[in-house]
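Written out below as structure tokens is the structure these notes cover.
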Amino acid sequence: MKILILEDAAAAAERAAEIIAAQVTAKPGSVLGLATGGTMEAVYERLIALHRAGSASFAGASSFNLDEYVGLAGDHPCSYRRYMAEKLFDQIDIAPGAAHLPMGEAADPEAEAARYEAAIVAAGDIDLQLLGLGLNGHIGFNEPTSSLTSITRLKTLERSTREANSRYFPDGDEPPRLAITMGIGTIMRAREVLLVATGAAKARAVAQVIEGPVSARWPGSVLQMHRHATLVLDRAAASELELIDYYLDVHPE
Ligand code: PGA
């Protein structure tokens, strides 16, 4: 794993955006794996700025998002489809129809999960998969005890995940209990993965993922088995790493 520790969250977001821009520049037809959440908002702001400066075009790229809530149509204000439209797709030049998310409102969510997995395979799998990290160590919505070889399927969200995400839901509404998520096996097939975690609240999960045992208890720890994983952290998220001095020595920022 390549562990990059940046001074603060803004610098981490900037670095992550630069890595994505470099990917689409080197390979304009890249298949990107995209993520949602608070951490990604800053990454996408920086990516839009790079696009506007002429440093990143998505005209030839396609994308697959990690996950979507079951039961929310794409035009629902709390759907990830809407999040992605507002925070990224409407502000860059990705072709309409090239940006994919699971259809949360599908009548048969299990069939939709299978269709989505097949679409990723048909696209030749993902070149660069962007990942956030849950407080419980989840990647995508692969909650603790997810099979480390799972493919796209339905998952029941853990309480800490629903609490963390309730900030996106208007007063009184709760996040759905179920989501369609790429599996850990799906994510591991990506040729490169880029995980971004910032803030002190993530420090425990970050330490488990990087320095703990590979375990379904902390699903992100599976990235220790990936050949090309980059983890971009800020100082706060890196604060519980035992070997922090080593990581800073290898990649001084
Ligand atoms: P966050 O979510 O960026 O909102 O903390 C990350 C995640 O749950 O994957």
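Atoms within a ligand are numbered from 1 in the order they appear, just like the ligands themselves.
When the options Leu135, Leu195, Leu133, Thr39 are ranked by their closest heavy atom to atom 6 (C) of ligand 1, first place goes to Leu133. Between the choices Lys202, Arg167, Met40, the shortest heavy-atom distance to atom 5 (O) of ligand 1 belongs to Lys202.
Counting only heavy atoms of the protein, atom 7 (C) of ligand 1 lies nearest to His138 NE2, 3.4 Å.
Ring-centre distance between Phe89 and Phe58: not below the 6.0 Å cut-off. A centroid separation of less than 6.0 Å is found between the aromatic rings of Tyr69 and Phe169.
Arg153 and Ser146 share a side-chain donor-acceptor pair at under 3.5 Å. Residues Arg189 and Gln129 bring no donor and acceptor atom of their side chains to less than 3.5 Å of each other.
Taking every non-hydrogen atom of Gly132 and a distance limit under 4.0 Å, the qualifying atoms of ligand 1 come out as 9 (O). The Gly38 neighbourhood of ligand 1 comprises atoms 1 (P), 3 (O), 4 (O), with distances under 4.0 Å to a heavy atom of that residue.
A donor-acceptor distance shorter than 3.5 angstrom exists from the side chain of Glu68 to the backbone of Tyr80, with no hydrogens or angles considered.
Contacts between Asn165 and ligand 1 below 4.0 angstrom, taking non-hydrogen atoms only, are absent altogether.
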